[in-house]
J.: 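Please see the structure below; I have some questions.
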Amino acid sequence: DYIQTYLWTLYFFEQYGGHPAVFAVVHEPQNSMYGYDAVLDDLGYTENTDDIFIDWSVANFLDDTTISDGRYGYSGEELPPFYPAATFSSYPVAESRTVNGWATDYYRFQNIPFDDMEITFDGNDGNIFGVRALVLHNQDPTEVLAMTLEGSSQSGSMEVNGLDPQDEVILVVASVSSGGGPDYQFTSGDALGITESPQPSEGELTLLASPNPFSNSVSIELRWEGEQEGIFAAGIYDINGRLVRELDPVMASEGSAWMQWDGDAQDGRTVSSGIYFAVARAGESACTVPLLLLP
């Protein structure tokens, strides 16, 4: 792709030493990203191509040199807008997607109905990903937030705080590898809805999970207000909607019941890390909360 190659070279030129850096890349015996890493080492930079590729992916969307130290834009080129792969305006969101090696996906979250958003991510263990959240504030300057991923599992979570209804969040998912599977999953939703205790309205069910993300077990509380007709039914489902494990709610008090899930399937085997959903139903009421199981 000549346009992307041009933009990558221009970005490297502007950010990492100008003509001497590009001259060194052209004359470096090693090819591909190995050559760039060798040149960066020779020039005394601490960054590697993984770091630069993620910053470049952000720059291609924002093209704004006023943010941070100028790394998120171009001074010698004005880019057309990058359009996200999908736009979401209802929550919670749970998606399963793929991205090619050394490529980037963008997702837009808008009409966000809460102040604090939690984003979870789980990528193919054999790949290497970089995940960023671009917070496009209506009034305040744009923020670029980095998600820390567990190296062995390529999974993690982050909170985006202080949102107002006019703000937008762009999720950036970059694959900084030529190998490994391209698949990944992510969720987004109300961070406080998972950890705090909202009061349900009459007849409404609410699920709360803690800790979330979790490694060994998660406690799930079911709450409701007023009378509930019908028998409570609850279970854990995977990203494709398949039932993983049935749960039995234990009554704790009037309007409250609890369950615990230890990361096991119905047959007793331990499930793999990733995104799951706890779902509870009673009569015509139902509620769902996303769960992120870490290794």
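The analysis underlying the following values was restricted to heavy atoms, covering all of them including side chains, and did not include hydrogens, waters or symmetry mates.
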J.: Does atom CZ of F82 have more than 12 heavy-atom neighbours, drawn from other residues, nucleotides or ligands, at distances under 6.0 Å?
T.: yes
J.: May I have the step-by-step check of side-chain hydrogen bond (donor to acceptor under 3.5 Å, both in side chains) for S256 and E221, ending in yes or no?
T.: CA-CA 7 Å; S256 177; E221 185 180 10; 3.1 Å; yes
J.: Mind checking whether F186 and Y107 have parallel, tilted or perpendicular rings, split at 30° and 60°?
T.: tilted
J.: Do the ring centers of F12 and W56 come within less than 6.0 Å of each other?
T.: no
J.: I'd like to check the side chain to side chain donor-acceptor pair (under 3.5 Å) partners of Y45; sequence neighbours left out, ordered by chain and number.
T.: none
J.: Output all residues satisfying side chain to side chain donor-acceptor pair (under 3.5 Å) with S75, sequence neighbours left out; order by chain, then residue number.
T.: E14
J.: Can you name the one residue among N60, D63, T65 that meets side-chain hydrogen bond (donor to acceptor under 3.5 Å, both in side chains) with Y74?
T.: N60
J.: Answer with yes or no whether the side chains of T120 and S157 bring together a donor and an acceptor at under 3.5 Å.
T.: no
J.: Working note: V289 + F277, criterion side-chain contact (heavy atoms from CB on, under 4.5 Å); need CA distance, chi angles, decisive distance, verdict.
T.: CA-CA 6 Å; V289 62; F277 299 89; over 6 Å; no
J.: Residues two or more places apart in sequence or in another chain: which of them pass side chain to side chain donor-acceptor pair (under 3.5 Å) with D267?
T.: R269
J.: Report the C-alpha separation of Y184 and D122 in whole Å, then their side-chain angles, then the decisive distance to 0.1 Å, and conclude whether the side-chain contact (heavy atoms from CB on, under 4.5 Å) test is met.
T.: CA-CA 6 Å; Y184 62 90; D122 183 28; over 6 Å; no
J.: What are the two closest non-hydrogen atoms of V173 and V99, and how far apart are they?
T.: O-CG2, 4.3 Å
J.: Can the ring centres of F109 and F88 be said to be less than 6.0 Å apart?
T.: yes
J.: Compile the donor-acceptor pairs under 3.5 Å between side chains in residues 129-144 and protein atoms, sequence neighbours left out, one pair per line.
T.:
{"residue": "H137", "atom": "ND1", "partner": "D167", "partner atom": "OD2", "Å": "3.1"}
{"residue": "H137", "atom": "NE2", "partner": "E143", "partner atom": "OE2", "Å": "2.6"}

J.: Is it the case that over 12 heavy atoms from other parts of the model lie below 6.0 angstrom from the CG atom of D69?
T.: yes
J.: Could you point out which residue of W102, Y16, W8 forms a ring-ring contact (aromatic ring centres under 6.0 Å, His included) with Y36?
T.: W8
J.: Set out, in order, the CA-CA distance, both residues' side-chain angles and the distance that settles side-chain contact (heavy atoms from CB on, under 4.5 Å) for F121 and M158, then state yes or no.
T.: CA-CA 9 Å; F121 179 87; M158 69 188 308; over 6 Å; no
J.: So which heavy atom on L294 is nearest to which on S155, and how close?
T.: CD2-OG, 3.3 Å
J.: Using atom types as modelled and distance alone, determine if a side-chain donor or acceptor of D238 lies under 3.5 Å from a backbone N or O of G241.
T.: yes
J.: Restricting to non-hydrogen atoms, name the atom on R71 and the atom on Y11 that form the minimum distance, rounded to 0.1 Å.
T.: O-OH, 2.6 Å
J.: Taking the six-membered ring for Trp, is the centroid-to-centroid distance between F61 and Y72 below 6.0 Å?
T.: no
J.: Please test Q110 against T87 for side-chain contact (heavy atoms from CB on, under 4.5 Å), starting from the C-alpha separation and ending with a verdict.
T.: CA-CA 7 Å; Q110 61 184 18; T87 297; 3.5 Å; yes
J.: Does a salt bridge link D183 with R97, judged by any charged N lying under 4.0 Å from a carboxylate O?
T.: no
J.: To check you understand the geometry: which heavy-atom pair defines the closest contact between V218 and A209, and what is its length?
T.: CG2-CB, 4.0 Å
J.: Strictly distance-based, threshold 3.5 Å: is any side-chain N or O of E118 a donor or acceptor partner for the main-chain N or O of T187?
T.: no
J.: I need the minimum non-hydrogen distance between P249 and M259, along with the two atoms involved.
T.: CA-CG, 3.5 Å
J.: Can you run down the salt bridge (charged side-chain N to carboxylate O under 4.0 Å, His left out) pairs that involve residues 24-52, sequence neighbours left out, and say none if there aren't any?
T.: none
J.: Just how far is it from atom CD1 of I112 to atom CD of Q166, taken to the nearest 0.5 Å?
T.: 11.0 Å
J.: Quick one: pull up CD1 in I275 and CG in L293 and give me the separation to the nearest 0.5 Å.
T.: 11.0 Å
J.: Without hydrogens or angle criteria, can the side chains of N161 and E159 be said to hold a donor-acceptor pair below 3.5 Å?
T.: yes
J.: How long is the gap from CG on L208 to CG on L222, to the nearest 0.5 Å?
T.: 9.0 Å
J.: Should L207 and I220 count as side-chain neighbours, where that means a heavy-atom distance under 4.5 Å?
T.: yes
J.: Search all heavy atoms of S175 against all heavy atoms of G101 and return the closest pair with its distance.
T.: OG-CA, 3.6 Å
J.: Suppose we screen for side chain to side chain donor-acceptor pair (under 3.5 Å). Which residues come up paired with S177, at least two apart in sequence or across chains?
T.: none
J.: Inspect the surroundings of CZ in F114 and state if more than 12 heavy atoms from other residues, nucleotides or ligands are less than 6.0 Å away.
T.: yes
